[in-house]
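Heads up: the structure comes next, in structure tokens.
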Amino acid sequence: MALRTIRVMGDEVLNKVCKPVKEVTPRIKTLIEDMIETMYDAEGVGLAAPQVGILKRIVVIDVGEGPFVMINPRVLETSGEQTGTEGCLSVPGKCGIVTRPEYAKVLAYNEDMEPVEIEGTELKARAMLHEIDHLDGKLYVEKVEGELRDVTEEDEYEQEDEA
Ligand code: NI
């Protein structure tokens, strides 16, 4: 396994629409392992393949329940609303207020290309939707209410949910 370089806003790879994965080759398995390692190293709760420069529809997430991968994820259902602070590993040192659904149900494929339905509320829903946006070339900064602000020390102690 190896750490990959996280691309930051301004890198055009972050604005591209990613391609579906057809099969999980050994190369893709390695990419997934590297993404998980890179996410933990950066202390994020999620990471999408374009953030490490790969234009494929792959996401990894760990909101404290252990890591999972979503390949070719598709949002099946959302409901409710939550408003909270969001950050992104590709927008270092910044955060902003974003409103998203409170609940999301996603159909994706796991690392064995088996279909899985993943449900989440609160942070898990937020992380899944944030990461799926990355696969369509979208950053949370487009959805921020008001201004982006600098992450403070206080934020670091609370929860810095960068994805
Ligand atoms: Ni992000």
Side-chain angles (χ1 to χ4, degrees), residues 1-21 27-75 78 82-101 104 106 108-109 111 118 120 122-163:
M1 295 207 290
L3 292 179
R4 307 260 177 145
T5 303
I6 297 177
R7 307 298 184 92
V8 296
M9 193 165 65
D11 188 323
E12 62 180 26
V13 79
L14 294 171
N15 302 117
K16 302 229 193 272
V17 176
C18 298
K19 294 212 166 73
V21 173
R27 209 183 162 116
I28 292 211
K29 277 219 154 93
T30 301
L31 169 66
I32 292 168
E33 287 170 5
D34 289 354
M35 284 172 63
I36 291 171
E37 191 181 352
T38 303
M39 170 180 72
Y40 287 145
D41 181 70
E43 297 181 2
V45 298
L47 191 70
Q51 292 183 275
V52 293
I54 308 287
L55 290 170
K56 291 191 187 299
R57 302 189 79 82
I58 303 172
V59 156
V60 298
I61 288 176
D62 186 348
V63 291
E65 306 170 344
F68 64 93
V69 60
M70 299 195 299
I71 296 172
N72 303 340
R74 187 158 67 84
V75 178
T78 60
Q82 56 173 321
T83 298
T85 304
E86 202 165 306
C88 179
L89 295 174
S90 294
V91 191
K94 300 282 181 188
C95 62
I97 302 290
V98 180
T99 298
R100 292 191 187 269
V106 175
Y109 294 85
E111 53 270 59
I118 304 164
E122 299 177 6
L123 176 59
K124 189 174 179 185
R126 180 181 288 283
M128 291 198 296
L129 296 169
H130 174 117
E131 298 309 334
I132 291 170
D133 278 352
H134 272 297
L135 304 181
D136 292 317
K138 293 184 195 140
L139 297 179
Y140 84 100
V141 297
E142 298 171 26
K143 297 187 169 167
V144 164
E145 296 155 29
E147 304 275 306
L148 276 187
R149 65 175 174 83
D150 292 334
V151 171
T152 63
E153 218 167 279
E154 207 171 283
D155 294 318
E156 304 271 12
Y157 283 120
E158 282 174 10
Q159 43 170 32
E160 188 37 38
D161 302 324
E162 291 184 318

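Hydrogens, waters and symmetry mates play no part in the numbers below; they use all other heavy atoms, side chains included. Please read these numbers as outputs of a predicted model, since none were measured by experiment.
- With a 6.0 Å radius and a threshold of 12 heavy atoms from other residues, nucleotides or ligands, Glu12 has its CD atom at or below the threshold.
- Contact check for Glu86 versus Arg100: side-chain heavy atoms found under the 4.5 Å cut-off.
- Counting only distance, with no hydrogens or angles, the side chain of Asp11 and the backbone of Val13 share a donor-acceptor pair below 3.5 Å.
- Distance check: Arg4 CZ to Asp41 CG gives 13.5 Å after rounding to the nearest 0.5 Å.
- The two residues Cys18 and Ile54 have their closest heavy-atom pair at SG-O, 4.5 Å.
- Atom CD1 of Ile61 and atom NE2 of His130 lie 9.5 Å apart (nearest 0.5 Å).
- Distance CE/Met35 to NZ/Lys56: 12.0 Å, rounded to 0.5 Å.
- Across Val60, Ile58, Ile132, a single residue satisfies side chain to side chain contact (heavy atoms under 4.5 Å, CB included) together with Met70, and that is Ile132.
- Of the inter-residue distances, the one linking Asp136 atom CG with Asn15 atom CG reads 12.0 Å to the nearest 0.5 angstrom.
- At a threshold of 4.5 Å between non-hydrogen side-chain atoms, the residues Glu122 and Val63 do not count as touching.
- Within 6.0 Å of atom CD in Glu145, more than 12 heavy atoms from other residues, nucleotides or ligands are found, so the atom counts as buried in its surroundings.
- Side-chain atoms of Tyr40 and Asp62 include a donor-acceptor pair closer than 3.5 Å.
- The shortest distance between side-chain heavy atoms of Thr99 and Gln82 does not fall below 4.5 Å.
- The stretch residues 44-54 participates, sequence neighbours left out, in no salt bridge (charged side-chain N to carboxylate O under 4.0 Å, His left out) pair at all.
- Note that the CD1 atom of Ile28 and the CD atom of Glu33 stand 12.5 Å from one another [nearest 0.5 Å].
- Taking each heavy atom of Val59 and Ala48 in turn, the nearest pair found is CG2-CB, 4.1 Å.
- When the shell of 6.0 Å around CZ of Arg74 is examined, it contains 12 or fewer heavy atoms from other residues, nucleotides or ligands.
- Side-chain atoms of Arg126 come within 3.5 Å of backbone atoms of Val98 as a donor-acceptor pair (strictly under, hydrogens ignored).
- What you find for Lys94 and Tyr140 is that their closest heavy atoms are O-OH, 3.6 Å.
- Side-chain contact between Tyr109 and Arg57: absent, with no pair of heavy atoms (C-beta onward) separated by less than 4.5 Å.
- The two residues Gln51 and Cys88 come nearest to each other via the heavy atoms NE2-SG, 3.6 Å.
- Using a 4.0 Å cut-off between charged nitrogen and carboxylate oxygen, Lys124 and Glu65 count as a salt-bridge pair.
- Each of Leu47, Leu3, Thr5 was compared with Val52 under the side chain to side chain contact (heavy atoms under 4.5 Å, CB included) criterion, and only Leu47 meets it.
- With rounding to the nearest 0.5 angstrom, the CZ atom of Arg149 is 5.5 Å from the OG1 atom of Thr85.
- Here the shortest heavy-atom pairing between Asn72 and Pro20 reads OD1-CA, 3.3 Å.
- For the pair Glu37 (side chain) and Ala2 (backbone), a donor-acceptor distance under 3.5 Å is present.
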Next on the checklist: Test side-chain contact (heavy atoms from CB on, under 4.5 Å) on Lys143 and Asp133; report intermediate values, then the result.
Outcome noted: CA-CA 11 Å; Lys143 297 187 169 167; Asp133 278 352; 2.7 Å; yes
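- Contact detail for Leu89 and Ile6: the closest heavy-atom pair is O-CG2, 3.7 Å.
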